[in-house]
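Quantities reported herein were computed from a predicted structural model and do not represent experimental measurements.
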2 protein chains.
Amino acid sequence: MTEKHYRYLQQYFHDLILKKKMPYETKLPSERELAEQFKVSRVTARQALQHLEAEGLIYRSNRRGWFVTPPAVIYDPANNVSFNLYVTEQGYTPHTEKLMQQIESANHKIALLMNIPLGAPVLFLHRRRYINQRPVLIEKLYVNVDLLPGIEHEDLTQSLGQILRTKYQSPYRDMDLSFKATALPDNEAKDLSTSTGQAGLQIERVNFSDDKSVLSVDYEFWRHDAVTIEISIRN
Amino acid sequence: MTEKHYRYLQQYFHDLILKKKMPYETKLPSERELAEQFKVSRVTARQALQHLEAEGLIYRSNRRGWFVTPPAVIYDPANNVSFNLYVTEQGYTPHTEKLMQQIESANHKIALLMNIPLGAPVLFLHRRRYINQRPVLIEKLYVNVDLLPGIEHEDLTQSLGQILRTKYQSPYRDMDLSFKATALPDNEAKDLSTSTGQAGLQIERVNFSDDKSVLSVDYEFWRHDAVTIEISIRN
DNA sequence: CAGTGGTCTAGACCACCAG
DNA sequence: TGGTGGTCTAGACCACTGC
């Protein structure tokens, strides 16, 4: 027996979804139903579902069930377009939720990056961002308040780049980017109402001003199936 | 009972590995041994191992066992440094294996990208690249032979960028990059001797010459735990 | 050949979500 | 409260690796 049982179930939904027979956000039958229909144990059905999840074709939401994944949004971190704008331009509906905002003391890493004293005040911003009501991104931002006085009184569900450009005449220019495919940490997985250990894409971004001082440091955790990064390098 | 059994095992090795008590490439005990030692079923032990794998702390090699993951290499696709060079510079040993090389007819997608007729000859190159004897990257390359006559007679285990620079005075300059965290396709998973559905990082790169013609199109599939992408954007 | 991970079963209870 | 996914057990056989 070289046929793997879970492959049937996987292939079945793989084909259905790619042929667009199942619209985005469609709920799949329950694991118990699938197990019965495909005459496999529930464990085997789950294995198939987990493979489909890894392929990015379906996702789970907490204990509510499995759903067909909508298309990934295309994101160019080097291009200073706000989340709200590029999501809208691609035909989706963005939404940003501020989970926390507070002035913190810079820890070692942040102090070093921003070239400020250890313990100096920085603005910490914790946001959750949605595409079509689906939470796709957790963002943790550290902002240099010395360079941007009063920033904490702005509407921080907006794009920071936007605020800097319009209110501070201090747009992002240069940046250092880092990407890593890794499991979402437990907290971020929970905030994205997915399961612990779920695959994700981690982005770190250090934003510099014209005079090369660090305006902000940005940590982003994306659902792996929600985003494709595209960057053009032009010399 | 709020304690999850698999968490004990996961935490145990998580701590051991982060405290560097287990050197890279150390083999873990077998799943059956772990199940017995931690008094859980083998299924539960496997779940813990899969979580550690998602974290990038351990990896599996075919049916040989589970091993501690070595550190990820840092890769800047925008910087024209060859694989051999940047791997070496970071203290590891690179190796490249040519799996296949042949002249093919351009399919629709490649013809469109390269702006050549459908069916025109292109050089297809299929390579596997290793870091410290561990296969980490599968590369599929399409090269514009019209612009680079004789390229098929070069030593194609070398960096293509290197060859272009030294032999053709036609270095890569501009490029379009795309990244996506996704499961490795079955063939690539097999070539990397990991399991199907394993998390990976997919990179697509279109390389342009000085006059904006397309020199090559590059598809890369990395083990997710083997690489961190770093790019600097300077305006 | 022995040992490994890969697949699979037929149950069970728990934690959480929605109505 | 009923249904969902999340966790878990104690087995079993298969496919492949390495000796």
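- Not counting sequence neighbours, A:E55 has no partner by the salt bridge (Lys or Arg N to Asp or Glu O under 4.0 Å) test.
- Annotation: side chain of A:Q198 is in contact with side chain of A:E53 (closest heavy-atom distance under 4.5 Å).
- For A:H95, the ring pair (Phe, Tyr, Trp, His ring centres under 6.0 Å) partners two or more places apart in sequence, or in a different chain, are A:Y130.
- Remark: nothing in residues 6-13 of chain A comes within less than 4.0 Å of DNA chain D through any heavy atom.
- Take A:Y12 and apply the ring pair (Phe, Tyr, Trp, His ring centres under 6.0 Å) test, not counting sequence neighbours, and it matches A:F38.
- Distance, A:H5 NE2 to D:dC14 P: 12 Å, rounded to whole Å.
- Note on the helix from C:dC1-D:dG18 to C:dA18-D:dT1: terminal axis deviation equals 20°, with five pairs used at each end and the result rounded to 10°.
- Close to D:dT9, at under 4.0 Å from its OP1 or OP2, lies a side-chain N or O of B:T44.
- Around CD of A:E97, the count of heavy atoms belonging to other residues, nucleotides or ligands within 6.0 Å exceeds 12.
- In this view, A:E89 satisfies the salt bridge (Lys or Arg N to Asp or Glu O under 4.0 Å) rule with no residue, not counting sequence neighbours.
- The distance between atom CD of B:Q47 and atom C1' of C:dG6, rounded to the nearest whole Å, is 16 Å.
- Using bins of under 30°, 30° to 60° and over 60° for the plane-to-plane angle, the ring pair A:Y86/A:F83 lands in the perpendicular bin.
- A heavy atom closer than 4.0 Å to some atom of DNA chain D occurs in A:S30, A:E31, A:R32, A:E33, these being the qualifying members of residues 26-33 of chain A.
- Looking at A:S216 and A:N207, their side chains do bring a donor and an acceptor atom within 3.5 Å of each other.
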Give every donor-acceptor pair under 3.5 Å between a side-chain atom in residues 16-25 of chain B and any protein atom, sequence neighbours left out.
residue: B:E25; atom: OE1; partner: B:Y59; partner atom: OH; Å: 2.4

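- B:Y8 pairs by the ring pair (Phe, Tyr, Trp, His ring centres under 6.0 Å) definition with nothing, not counting sequence neighbours.
- One can place CZ of B:R46 at 18 Å from P of D:dA10, the figure rounded to the nearest angstrom.
- For A:W222, the ring pair (Phe, Tyr, Trp, His ring centres under 6.0 Å) partners two or more places apart in sequence, or in a different chain, are A:Y75.
- The distance between atom CZ of A:R60 and atom P of C:dC17, rounded to the nearest whole Å, is 15 Å.
- Atom OH of A:Y59 and atom C1' of D:dG5 are 15 Å apart (whole Å).
- At whole-Å resolution of the value, NZ in B:K4 and C1' in C:dC13 are 15 Å apart.
- Of the listed nucleotides (C:dG6, D:dG5, C:dT9), C:dT9 has the atom at the smallest distance from the side chain of A:S41.
- Between the side chains of B:T96 and B:R129, at least one donor-acceptor pair of N or O atoms lies under 3.5 Å.
- Contacts classified as salt bridge (charged side-chain N to carboxylate O under 4.0 Å, His left out) and involving residues 196-207 of chain A (residues at least two apart or in different chains) are given here: A:R205-A:D218, A:R205-A:E220.
- No donor-acceptor pair closer than 3.5 Å links the side chain of A:S61 to the backbone N or O of A:R64.
- Put simply, NZ on A:K190 is 20 Å from P on D:dG5, counting in whole angstrom units.
- Take the nearest nucleotide of DNA chain D for A:V43 and for A:L49: the residue whose nucleotide is more 5' is A:L49.
- Rounding to whole angstrom units, CZ of residue B:R42 and P of D:dC8 are separated by 17 Å.
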Short heteroatom pairs, N/O only, protein and nucleotides 16-19 of chain D, under 3.5 Å:
residue: D:dC16; atom: O4'; partner: B:R63; partner atom: NE; Å: 3.4
residue: D:dT17; atom: OP1; partner: B:N62; partner atom: ND2; Å: 3.2

